[in-house]
Amino acid sequence: MNHRTTEDPASPAESLDPLEMVMRYHQETKHHFSRYARALGYMDWANQPDPFRRYEGSPLIALPLLTPDDPPLYEDLYRSGAIASAPVTVRTLSRFFEYSLAISAWKQAGEVRWALRTNPSSGNLHPTEGYLLIDTVPGLSPFPGLYHYTAREHALELRAELTRESFISLMQEFPPQAFLAGFTSVNWRETWKYGERAFRYCQHDVGHAIGSARIAAQTLGWRMMLLNGLADDAVAALLGVDRPEDFEGAEREHPDCLAVVWPADQGAGLAAGKTISLPLSLVPDAVHELTRHIWHGKANRLSRDDPVQWEILDQVEVTSWKSSTERRVVELNHDSPTQEVLINPSADAPNLYPGQPRAGQVIRQRRSALAFDGKTSISVGSFFTMLARVMPRVDRDLCRRPMPWDVLPWEPAIHLALFVHRVDGLAPGLYMLARDPAKVDSLRRAMHQQFAWTSPSGCPEDLPLFLLEEGDARQLAAQVSCHQEIAGDSAFSLGMIAEFESSLRRYGPWFYRRLFWESGVIGQVLYLEAEATGVRATGIGCFFDDPVHQVFGFNDAMFQSLYHFTTGGHVEDPRLTTLPPYGLDH
Ligand SMILES: Cc1cc2nc3c(=O)[nH]c(=O)nc-3n(C[C@H](O)[C@H](O)[C@H](O)COP(=O)(O)O)c2cc1C
């Protein structure tokens, strides 16, 4: 394993059983009523990391700033085949990054100004960095290259020039026009504020980035799939974050994942309804070959002082590292616009759907609520629709999971434990959504025996939502969410319950990170659903782990809550001014 960062001291983690170590990390970084997970205990403002990474000396190619005239309706994102595939051009790539990682607004309070992005981030610290590995694109570059996305400039920095042959060899098994999108994390950005719990937050943020990229791809009629079989060494090598010479004196990036993205109608000449085989990894020789190229740029330093050391963070990085590559292949149905859509393209006929928001509008306006009004309720219909959107059930006609769940090539392992406060037509109380209906029995066995497990009236038959216990859960929800009122003043809040120990034993300790990624994608879907419904949401990383488990009756590591979330009518902070994302003179 060549994974060692400049801020990592030699650690004894190799001598520990990786599975035990990962479970110990999770246990030790729980917040308790009596004690929060270990962190510095104060804000070291002078050492705050820069949220914008640059590779100094690398050529910067500006992406065109596009007007918000984007056609697809938000609802079309969820109508299979509704969005015709756009070609891969510098403009569509600009849109892809705008909708996934770009700055979406600047906020100002007094003299202080800070950027917010289309993807949310714990503490707005933005540890996630985005990369692109792509063939020649007119207006971008005359040769294939590896690029780093710079959100402040909405531009791509050329990190490595690749030869045509090596790129073709790397992508030989994918549809035409396919490219790779990659994510890494500057873990230090979260560690700076959150200490030992930071690794969890970085993984949540990767999940949000995967979700926002998958949805951005969908607005362009593109598909996306994580190359989940790749070893982390390969991800690091392909993204150039294993090159110590480029990170001298700079904070390192942890490799997270690579995904293949391709126009949905590019199925190697196959007609609609036929399948294509997609490998979940890359040919090892091609990976090796690709890393021997001309590199540009040195990573900038983000903090004044060196990162603070936390031994347990070094250990969990090592033990959750994916060290092997599996050459698994998935069979995918080939997409092309459905007959219905070709006859009736909703995107070009907005009058047929008056009042429905555009996907771009919803994506750009997404914000975390800072406070909820304690009054607004949502209709039971909207509530059921929101929950239906996080259901990853394989669509029988399409033979695959619906967008965005088709990006995660594993069995869903996260369920929702809900605190319902203000949903018209639904009794307030505790509810459970089993995202995999086959898991209802094991959830039921693991939870309080007195729970009712009744289907709420009017609940769609195919939505495995159950009332557990009626009652006013507002105070309880806020209490277990680190006393944050946003969890009780909303219409509903929830905990994302992972099939924890069984997943780690089944796949290996590296799957720990995937559980957070799946949670982050759920969060991303719910953020946008809230905006489209006319309310707002906030991700909640700060919660008291075991008190949450006690509320629902989970008493061992089989199920663990990994991420919380809240949705309702928000209250604006009048002290904040909103400024446009680009074109400001800073
Ligand atoms: C993983 C994660 C955890 C978060 N935890 C909290 C939280 O505990 N409390 C809170 O008020 N906001 C929380 N947030 C919201 C962030 O503070 C917010 O995303 C960030 O300030 C950027 O603002 P934006 O979402 O409006 O772009 C969380 C967000 C994420 C993605």
Side-chain angles (χ1 to χ4, degrees), residues 29-31 36-37 39 48 51 98-109 112-128 151 183 185 187 189-191 193-194 197-212 256 362-372 414 477-490 493-496 498 513 515-528 530-531 535-545 548 561-568 570-573 576-579 581:
T29 54
K30 286 180 172 174
H31 285 326
Y36 282 86
Q48 183 174 9
E98 178 194 352
Y99 286 174
S100 50
L101 299 175
I103 293 175
S104 55
W106 287 83
K107 292 276 172 182
Q108 186 158 347
V112 188
R113 195 182 274 187
W114 63 96
L116 295 171
R117 308 198 197 179
T118 39
N119 58 319
S121 165
S122 187
N124 198 29
L125 298 167
H126 288 285
T128 317
F183 296 114
S185 298
N187 288 347
R189 288 205 184 107
E190 293 282 334
T191 311
K193 181 170 181 189
Y194 295 113
R197 202 168 158 101
F199 188 73
R200 297 181 180 210
Y201 295 152
C202 291
Q203 305 309 317
H204 285 129
D205 280 13
V206 173
H208 276 286
I210 293 169
S212 64
D256 294 314
V362 173
I363 291 168
R364 275 192 300 267
Q365 78 179 44
R366 184 212 62 78
R367 274 287 66 87
S368 291
L370 303 176
F372 292 100
I414 308 283
Q479 196 183 24
V480 296
S481 300
C482 296
H483 308 292
Q484 298 186 84
E485 289 173 355
I486 51 172
D489 287 343
S490 56
S493 59
L494 58 91
M496 300 189 197
R513 290 158 55 206
L515 291 174
F516 286 92
W517 300 354
E518 189 176 328
S519 308
V521 180
I522 294 173
Q524 194 62 24
V525 168
L526 291 177
Y527 260 118
L528 297 188
E531 297 288 345
V535 287
R536 188 145 275 182
T538 307
I540 300 184
C542 188
F543 56 88
F544 297 118
D545 302 68
V548 173
S561 191
L562 295 192
Y563 186 25
H564 283 221
F565 205 81
T566 184
T567 301
H570 77 290
V571 185
E572 289 284 358
D573 185 337
L576 301 186
T577 315
T578 304
L579 302 161

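Whatever order the structure lists them in is the order used to number ligands and atoms, beginning at 1.
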Provide the number and element of each atom of ligand 1 under 4.0 Å from a heavy atom of [X].
| X | value |
| --- | --- |
| Arg367 | 24 (P), 26 (O), 27 (O) |
| Cys542 | 8 (O) |
| Ile540 | 5 (N), 6 (C), 7 (C), 8 (O) |
| Thr538 | 10 (C), 12 (N), 13 (C), 15 (C) |
| Gly123 | 17 (O) |
| Asp205 | 1 (C), 31 (C) |
| His208 | 31 (C) |

(request) Would you check, one step at a time, whether the test side chain to side chain contact (heavy atoms under 4.5 Å, CB included) holds for Leu370 with Leu576? (result) CA-CA 11 Å; Leu370 303 176; Leu576 301 186; 3.9 Å; yes
For ligand 1, is there an N or O atom under 3.5 Å from any N or O atom of [X]?
| X | value |
| --- | --- |
| Ser368 | yes |
| Ser122 | no |
| Ile486 | no |
| Ser121 | yes |
| Gln484 | yes |

(request) Specify side chain, backbone, both or neither for Arg117, according to which of its non-hydrogen atoms lie closer than 4.0 Å to ligand 1. (result) backbone
(message) Does only the side chain of Leu116 get under 4.0 Å from ligand 1, or the backbone, or both, or neither? Count heavy atoms.
(response) side chain
Protein contact to [atom] [nearest heavy atom, distance to 0.1 Å]:
| atom | value |
| --- | --- |
| atom 21 (O) of ligand 1 | Asn124 CB, 3.5 Å |
| atom 5 (N) of ligand 1 | Gly541 N, 2.8 Å |
| atom 1 (C) of ligand 1 | His204 CB, 3.3 Å |
| atom 14 (N) of ligand 1 | Gly539 O, 3.0 Å |

(message) Heavy-atom count check: over 12 atoms from other residues, nucleotides or ligands less than 6.0 Å from Glu485 CD?
(response) no
(request) List for me each residue that meets side-chain contact (heavy atoms from CB on, under 4.5 Å) alongside Lys30, sequence neighbours excluded, and say none if there are none. (result) His26, Gln27, His32, Arg200, Asp545, Asp546, His549, Gln560
(message) Less than 4.0 Å is my threshold; does some heavy atom of His564 fall inside it relative to ligand 1?
(response) no
(message) Just to verify, which of Tyr563, Tyr527, Trp517 counts as forming a side chain to side chain donor-acceptor pair (under 3.5 Å) with His208?
(response) Tyr563
Looking at [X] and [Y], would you say the former's side chain and the latter's main chain have a donor-acceptor pair under 3.5 Å?
| X | Y | answer |
| --- | --- | --- |
| Asp256 | Ser185 | yes |
| Ser212 | Ala209 | yes |
| Asn119 | Gly207 | no |
| Arg366 | Leu528 | no |

(request) Determine the sole option in Phe544, Phe543, Tyr194 for which the ring-ring contact (aromatic ring centres under 6.0 Å, His included) test with Tyr36 is passed. (result) Phe544
What distance do [X] atom [atom1] and [Y] atom [atom2] have between them, rounded to the nearest 0.5 Å?
| X | Y | atom1 | atom2 | result |
| --- | --- | --- | --- | --- |
| Asp205 | Phe183 | CG | CZ | 11.5 Å |
| Arg367 | Thr118 | CZ | OG1 | 8.5 Å |
| Phe372 | Thr567 | CZ | OG1 | 6.5 Å |

(request) Check each of Tyr563, Phe565, Tyr201 against atom 31 (C) of ligand 1 and report the one with the nearest heavy atom. (result) Tyr563
